[in-house]
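All remarks here apply to the structure that follows.
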Amino acid sequence: MSHLQLSSVAGGRPAAAGGRGDEMEDVALLGSYDEEAGGAPPVEEEEEGAAEAHVRVTGMTCSACTSAVEAAVSARRGVRRVAVSLLQNRARVVFDPALAKVEDIIEAIEDAGFEAEIIPDSAISQPKSQKTLSAQFRIGGMTCANCVNSVEGILKKLPGVKGAVVALATSLGEVEYDPSTISKDGIVQAIEDAGFEAAFLQSSEQDKVLLALIGLHRERDVEVLNDILKKMDGLRQFGVNTVLSEVEIVFDPEAVGLRSIVDTIEMGSNGRLKAHVQNPYTRGASNDAHEASKMLNLLRSSLFLSIPVFFIRMVCPSIPFLSTLLSMHCGPFLMGDLLKWILVSIVQFVIGKRFYIAAYRALRHGSTNMDVLVVLGTTASYVYSVCALLYGAFTGYRPPVYFETSAMIITFVLFGKYLEVLAKGKTSDAIKKLVELVPSTALLVLKDKEGKHVGEREIDALLVQPGDVLKVLPGSKVPADGVVVWGTSHVNESMITGESAPVPKEVSSVVIGGTINLHGILHIQATKVGSGTVLSQIISLVETAQMSKAPIQKFADYVASIFVPIVITLSIVTFSVWFLCGWLGAYPNSWVADNSNCFVFSLMFAISVVVIACPCALGLATPTAVMVATGIGANHGVLVKGGDALERAQNINYVVFDKTGTLTQGKAVVTTAKVISGMDLGDFLTLVASAEASSEHPLAKAVLDYAFHFHFFGKLPSSKDGIEQRKHEVLSQWLLEAEDFSAVPGKGIQCLINGKHVLVGNRTLITENGVTIPPEAETFLIDLESNAKTGILVAYDGDFVGLMGITDPLKREAAVVVEGLKKLGVHPVMLTGDNWRTAQAVAKEVGIEDVRAEVMPAGKADVVRSLQKDGSIVAMVGDGINDSPALAAADVGMAIGGGTDIAIEAADYVLVRNNLEDVITAIDLSRKTFSRIRWNYFFAMAYNVVAIPVAAGALFPFTGLQMPPWLAGACMAFSSVSVVCSSLLLRRYRKPRLTTVLQITVE
């Protein structure tokens, strides 16, 4: 995990490829590929110039609502993509800022009948993509055009600087640079080193933050705050909300830090105003709690009014005193009927107001949902009861009234909705647990200008800035990703990686935010904070996955779109059939109560049909299960990018493994070196190391380490840092200068040393350059390859001089996992750029029969496509950018991330731990999840298929049982709750034990 970086992908599945294609990729996760090095071009990435907005949407109840929101927003000019999550009450919109504004998106959602609120950028945990910034610097000391040319020349030579323009008249310089390569301070330092004065002014970067304020009570306080913010450098704009005591600030993070803003507000107001960053997840949790509280209050109110109505109808007639009291006349009305009318009117139009509003919004936009059914059923019952009451008041004949029906239906629906809100809240427990890993505060180590420790200060963990030195006490959590600068300890990283063993940490060790320091005190320097941390990016991936829709959900969305019209049609048919049969005398009069008639008898059946039907259960079947599954996967170190990936993984036929770094440990070690010519071994190793020193490939690193230790072993300091420092010091002293260095993808490298051509690589590179391999070397090479070792051949000035053997040990679980996949019915395939002998030796050891060797980087994707030709579902497991084309081409790409960086953007799954067992976990979790989804659909469909005929009275002629509308409402309320609870059973998921998969009995 020491170099793990994660990034969620909003768009397609971008791929990148490059480097030396066959062996051990050690490349930056989000780095670009090098086409000249033989990489395949990337597939389409996120549209250039697109902006992204996250909107909190309130009022959605079923999948028909999400479809209505998606349709309304998509219809707006400039909107490119929309994803709406029912469970998260969130919409993610990608749009062209030149054609559409955030306000347009909010307006579209509100026009669709829902409430919308933009989520501030600080609340979005998605990592920012690496981009180029444009910054202005004030440059002093320039006197002529030569000075300008000098400064421009210096700036353009800096790594990461894309362009620079300097104006003498204004003493300003504008620099375009990559902030991941060079900082603004580095640019200032370079200008000052050249003899000029320099100061940073502003950049094109922009951040938005929402600050909660304590002490903002009076108009004077607002004026003070405005004065403070107006005087602050780096602030672009701000808006104060006095009602919520919040201020939204847009600022330049390169010019001013978030902690500086908070401190300035407090100091500028002499302590009267205190600002703190609104934690987006706390805010979201409070919104969920508010929704649950609101629903509970409505339920309590409805119960308080509905129980007396039910009591008057069912219990009071059996109590003589109450029966007499309620039979008294109040004008033309009976006391009991009048009380029920008053109580139910409050339930129907005050408490039930939310159903009318939601139904109106849906119908206004040509869609239908559960609220429409509730409104139809309760209104029909209420209107009939009022008409019957008035008819009885003026004629003296009192037909039965059913006020309690509408009141009890609304009460039961609210009860079901309350349970549903609670249950849906539990589906996001995984994200809540991840969020809770982050400590609320951090200990900032204060230093003077000379770097001496002068004190400590406790700050909000959200205010930690890159470069801060933080003190981490034993037993406390690491506040941010960083590097240890002082101290030694052991850290528990199980909450991130799933590895239970504590990880030792010393100076220069990488630490991950949210992990627990166990023993010693550590001082760490923060390198990534906020949305850039590993934990935030894991949360982002889980959130993105939960926002996505599985293809199987399209079926539910389609059914939901036609469900309500079908139910209303069935209700009308039910009423018509029963009424016509009664009018024609097709059933005996004894079926109808003495004080009723066939119209009322038929109407109750029709209302029951409307009320019992539940489209919500269908809409919740997939997203609830996907949400729980993605959370469970994150807890087990398996990050899923979306419901579509989860759905494809259940049907995997082939799993293609990259060899190096995936099946093997990714730690290349030189085991032997043999000189064929008369060259001295030390000279041979110096020659090879000099050639490989310019390469960043892990094999080159292994060669360099071997040569370095051959020459200097025993002369190095024991400290790890000492070794690295010493290595850099002596490299320049003993290595020869290499010129015209170039990497040949999949083959090796070539350069000039002492004016002579040097080749270091595989057999193909040597023979293509016309160098003859001696029989002695050929025999030695065959022996190496037969023992699963890679041979590195060396030629100097057209002559073969020697070779080296490099091995990369298999992961201990590799053979067992391969056998486990076979037991699951999955066919394993090994893919490598290595030679056939080495590949077959490794495959035999691990138990794989299907081997594809000597495959160039671009050819890996072709192998995947060849397996897909017969319709098979292919998964690719890889660990580097080299594998990105194949990861993108596969139906399911699995990026395995351990010691080396991973090509995360091309993958559908991220296996956080460097453990192949998680491949089986990913497949098993997918199968279990979709088994649960199928059960959910079965419950939802079976409920409606059985319940609607029963409510329509299909059993009444045979059993005499009639389902009253209020009972139908109770059934409808509990149907959606049952589906959510079914999905929650996935929380009991346990990853499969290999002994179980392999059917091994342990004595």
Between [atom1] on residue [X] and [atom2] on residue [Y], distance to nearest 0.5 Å:
{"X": "E115", "Y": "I106", "atom1": "CD", "atom2": "CD1", "answer": "11.5 Å"}
{"X": "S983", "Y": "M627", "atom1": "OG", "atom2": "CE", "answer": "11.0 Å"}
{"X": "L470", "Y": "I524", "atom1": "CG", "atom2": "CD1", "answer": "5.0 Å"}
{"X": "F238", "Y": "L225", "atom1": "CZ", "atom2": "CG", "answer": "7.0 Å"}
{"X": "I187", "Y": "D185", "atom1": "CD1", "atom2": "CG", "answer": "9.0 Å"}
{"X": "I459", "Y": "Q465", "atom1": "CD1", "atom2": "CD", "answer": "7.5 Å"}

- Query: Got a salt bridge between R259 and D460, using NZ or NE/NH1/NH2 to carboxylate O under 4.0 Å?
  - Reply: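 No, this pair does not count.
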
- Query: Hey, is R218 close enough to D221 for a salt bridge, meaning N to O under 4.0 Å?
  - Reply: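 D221 and R218: salt-bridged.
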
Quick one: are [X] and [Y] in side-chain contact, heavy atoms under 4.5 Å?
{"X": "L235", "Y": "I261", "result": "yes"}
{"X": "V175", "Y": "L158", "result": "no"}
{"X": "I632", "Y": "T929", "result": "no"}

Taking [Y]'s backbone N and O only, do any of them form a donor-acceptor pair with [X]'s side chain (distance below 3.5 Å, no angle check)?
{"X": "K447", "Y": "V454", "answer": "no"}
{"X": "N517", "Y": "S476", "answer": "no"}
{"X": "T630", "Y": "V640", "answer": "no"}
{"X": "S489", "Y": "I521", "answer": "no"}

- Query: Can D918 and K991 be said to form a side chain to side chain contact (heavy atoms under 4.5 Å, CB included), step by step?
  - Reply: CA-CA 9 Å; D918 290 340; K991 61 189 298 184; 3.4 Å; yes

- Under 30°, 30 to 60°, or over 60°: which ring-plane class applies to H636 and Y989, parallel, tilted or perpendicular?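 Because their plane-to-plane angle is over 60°, the rings of H636 and Y989 count as perpendicular.
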
Heavy-atom closest pair, residues [X] and [Y]:
{"X": "R987", "Y": "V628", "value": "CG-CG1, 3.7 Å"}
{"X": "V57", "Y": "A91", "value": "CG2-CB, 4.0 Å"}
{"X": "T58", "Y": "F114", "value": "O-CB, 3.5 Å"}
{"X": "I228", "Y": "I265", "value": "CD1-O, 3.7 Å"}
{"X": "H490", "Y": "P502", "value": "CB-CB, 4.0 Å"}
{"X": "V472", "Y": "K477", "value": "CG1-O, 4.1 Å"}

- Residues, nucleotides or ligands: over 12 heavy atoms within 6.0 Å of D233 CG: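 Counting other residues, nucleotides and ligands, CG of D233 stays at 12 neighbours or fewer.
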
- Message: For V102 and V93: C-alpha separation, side-chain torsions, deciding distance, then whether side chain to side chain contact (heavy atoms under 4.5 Å, CB included) applies.
- Response: CA-CA 9 Å; V102 172; V93 186; over 6 Å; no

- Message: I'd like to know whether V478 forms a side chain to side chain contact (heavy atoms under 4.5 Å, CB included) with I512, so could you lay out the CA-CA distance, the side-chain angles of the two residues, the decisive distance to 0.1 Å, and finally the verdict.
- Response: CA-CA 7 Å; V478 178; I512 303 169; over 6 Å; no

- Message: Assess the residue pair D263 and L463 against the criterion (side chain to side chain contact (heavy atoms under 4.5 Å, CB included)); give the C-alpha distance rounded to whole Å, side-chain angles, the decisive distance to 0.1 Å, and a yes or no.
- Response: CA-CA 10 Å; D263 290 345; L463 298 179; 5.6 Å; no

